[in-house]
2 protein chains.
Amino acid sequence: MSIRHAILGFLSWKPFTGYELKKLFSDALTFHWSGNNNQIYGTLVGLHRDGAVSIEVQQQEKFPARKLYSITAKGREELRAWLLSEPVLPALRSMAHIQLAWADCLSAAELDALLDSYERQLEAQVLMCREAARRRAAGGAGHEAARGAAGDAVRDGSSPARSAREALIWTSIDENNLAFYDRELEWTRRLRAAAAALERP
Amino acid sequence: MSIRHAILGFLSWKPFTGYELKKLFSDALTFHWSGNNNQIYGTLVGLHRDGAVSIEVQQQEKFPARKLYSITAKGREELRAWLLSEPVLPALRSMAHIQLAWADCLSAAELDALLDSYERQLEAQVLMCREAARRRAAGGAGHEAARGAAGDAVRDGSSPARSAREALIWTSIDENNLAFYDRELEWTRRLRAAAAALERP
DNA sequence: CAAAGCATGTAAGCAGTTACATGATTGT
DNA sequence: ACAATCATGTAACTGCTTACATGCTTTG
């Protein structure tokens, strides 16, 4: 399980409900998870079974009861152990690249259209990343993911004080995301130009 | 299904057996699939059920019978339709980044060790990519994936002639792969230096 | 009155992984 | 003797996805 550690990470800041965690994940552009119920709630059940989190059920008048999950000492140990474990290299498996790999089945115009479509999508993504990075830089305190209801909870006094180091890391990850798509965009443009140049020598 | 189109792509060059396709995938650093049996053989069954490939069983004296798969007109249509479809943006979901995101739980030394480990792995990966790119550039004719038994089959006269455009694309994908890890390496080094700088101001 | 928010959960499925199973043959 | 190659396939599992189900409240 992979999201398990990310959930423990959020819970290391402060207690959250499943619903809040779900928002945290689906709002966080930084690491794009769908934040679907099945995984969040299922993982929380597993974490509770393993004693990594404790549950406090809060009855509410006007809303359904909420289960507030807190990380336990055991959970912190697990998180720490994972943080100290060997990082795993990310795999770059892009279906768009596979598409290009056999684009020789396409005409020059069709290949150009394919690259154009990819380029446009990348441009949009770059804009989104830039906006997200700008907002985090402007917002100062709040994590990218920490907006909306859950965000308010994070920003209020009960949340752990953020160190300069953590701020540096989160900003770096944002920049990395942006640079990833930006580089891919530049690569696509170069490839497109080179492919076009082959047509008229 | 995702590998389905990649299999159709290989079969658009020339017929292959499941065993050869498996090697093609596990050897191809370009798009790193495990090339496991379950997926290859299962997908081939599905492709045959859908009439996208035809099977020729070849009895052999000294080796088990082999099923040689050829792409059909229907299969070519499916491949072409997919090639013309909207490319999907790759997602950058790196567990190492998630690890870093909560690295504030670690001491300065521990964070540095984590970044060092990541850096070393990236260095090794960059060397591998560089080697792969160099070999393809030197080999000229052969695709990265097209070595070993299946490679011989690809290189012999029955394989489709490769265009300058296809060569350009495959080389570009190799360079993209290399640049991806290279950029990640540079990013890691910068982050490491910045984190270290925070310690002694 | 409809849409969105709060809050929990289940069902079904896809894509991918490692590992197991068989059995002859060829190379070290 | 042991390992690798040739060649097929199965089993069990992980991680993730969309969509469904319920039901009450607040906002537009």
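Letters A, B, ... mirror the listed sequences (proteins, then strands); counts begin at 1. Small disclaimer: the values here were computed from a predicted structure and weren't measured.
By the 6.0 Å contact criterion, CZ on B/R93 is enclosed, its count of non-hydrogen atoms from other residues, nucleotides or ligands being greater than 12.
Residue B/Y41 has a polar side-chain atom (N or O) positioned under 4.0 Å from OP1 or OP2 of D/dT8. In terms of phosphate contacts, B/R66 brings no side-chain nitrogen or oxygen within less than 4.0 Å of OP1 or OP2 of D/dT5. Remark: B/K23 is not in phosphate contact with D/dT5, judged by side-chain N or O atoms under 4.0 Å from OP1 or OP2. Proximity of B/S34 to the phosphate of C/dT17: a side-chain N or O atom is located under 4.0 Å from OP1 or OP2. For the pair B/K62 and D/dT5, the criterion of a side-chain N or O lying under 4.0 Å from OP1 or OP2 is not met.
Aromatic rings of A/W102 and B/W82 (six-membered ring for Trp) have centroids beyond the 6.0 Å cut-off, not under it.
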Please list, for nucleotides 11-14 of chain D, all pairs of protein and nucleotide N/O atoms separated by less than 3.5 Å.
unit_1, atom_1, unit_2, atom_2, d
D/dA11, N7, B/N38, ND2, 3.2
D/dA11, N6, B/N38, ND2, 2.1
D/dA12, N6, B/N38, ND2, 3.3

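Judged by atom type and distance alone, B/N37 does not reach the base of D/dT10 through any side-chain donor-acceptor pair under 3.5 Å.
Spacing between atom CZ of B/F16 and atom C1' of D/dA7 amounts to 16 Å, rounded to whole angstrom units. Atoms CH2 (A/W33) and P (D/dT18) sit 15 Å apart, rounded to a whole Å. For the pair A/I40 CD1 and D/dT18 P, the interatomic distance rounds to 13 Å; values are reported in whole Å. With rounding to whole Å, B/D27 atom CG is found 13 Å from D/dT5 atom C1'. Regarding B/K22, its NZ atom lies at a distance of 13 Å from the C1' atom of D/dT10, rounded to whole Å. Between the OH atom of B/Y19 and the P atom of C/dA24 there is a distance of 17 Å, rounded to whole Å. Put simply, CZ on A/F25 is 11 Å from P on D/dT17, counting in whole angstrom units. In this structure, B/L44 places its CG atom 14 Å from P of D/dA7, rounding to the nearest Å.
At least one test fails for B/K23 against the ring of B/F25: distance under 6.0 Å to the centre or angle within 45° of the axis.
Two residues, A/G42 and A/Q60, neighbour DNA chain C, and the one matched to the more 5' nucleotide by heavy-atom proximity is A/Q60.
With distances taken from any side-chain atom of A/F63 to the nucleotides C/dG5, D/dT17, D/dC6, the minimum falls on C/dG5. Side chain of A/K67, nearest nucleotide from C/dT8, C/dT17, D/dA7: C/dT8.
A donor and an acceptor atom, one from each side chain of A/Q99 and A/Y118, are nowhere located under 3.5 Å apart. Neither side chain, B/E56 nor B/Y69, offers a donor N or O lying under 3.5 Å from an acceptor on the other. Side chain to side chain, A/T30 and A/N177 fail the donor-acceptor criterion of an N or O pair below 3.5 Å. Between A/T188 and A/E119, the side chains place no donor N or O within less than 3.5 Å of an acceptor N or O (distance only, hydrogens not considered).
Using a 4.0 Å heavy-atom criterion, one finds that A/R4 contacts no nucleic acid atom at all.
Checking each of A/R189, A/R190, A/R183 against A/E186 for a salt bridge (Lys or Arg N to Asp or Glu O under 4.0 Å) leaves exactly one that passes, namely A/R189.
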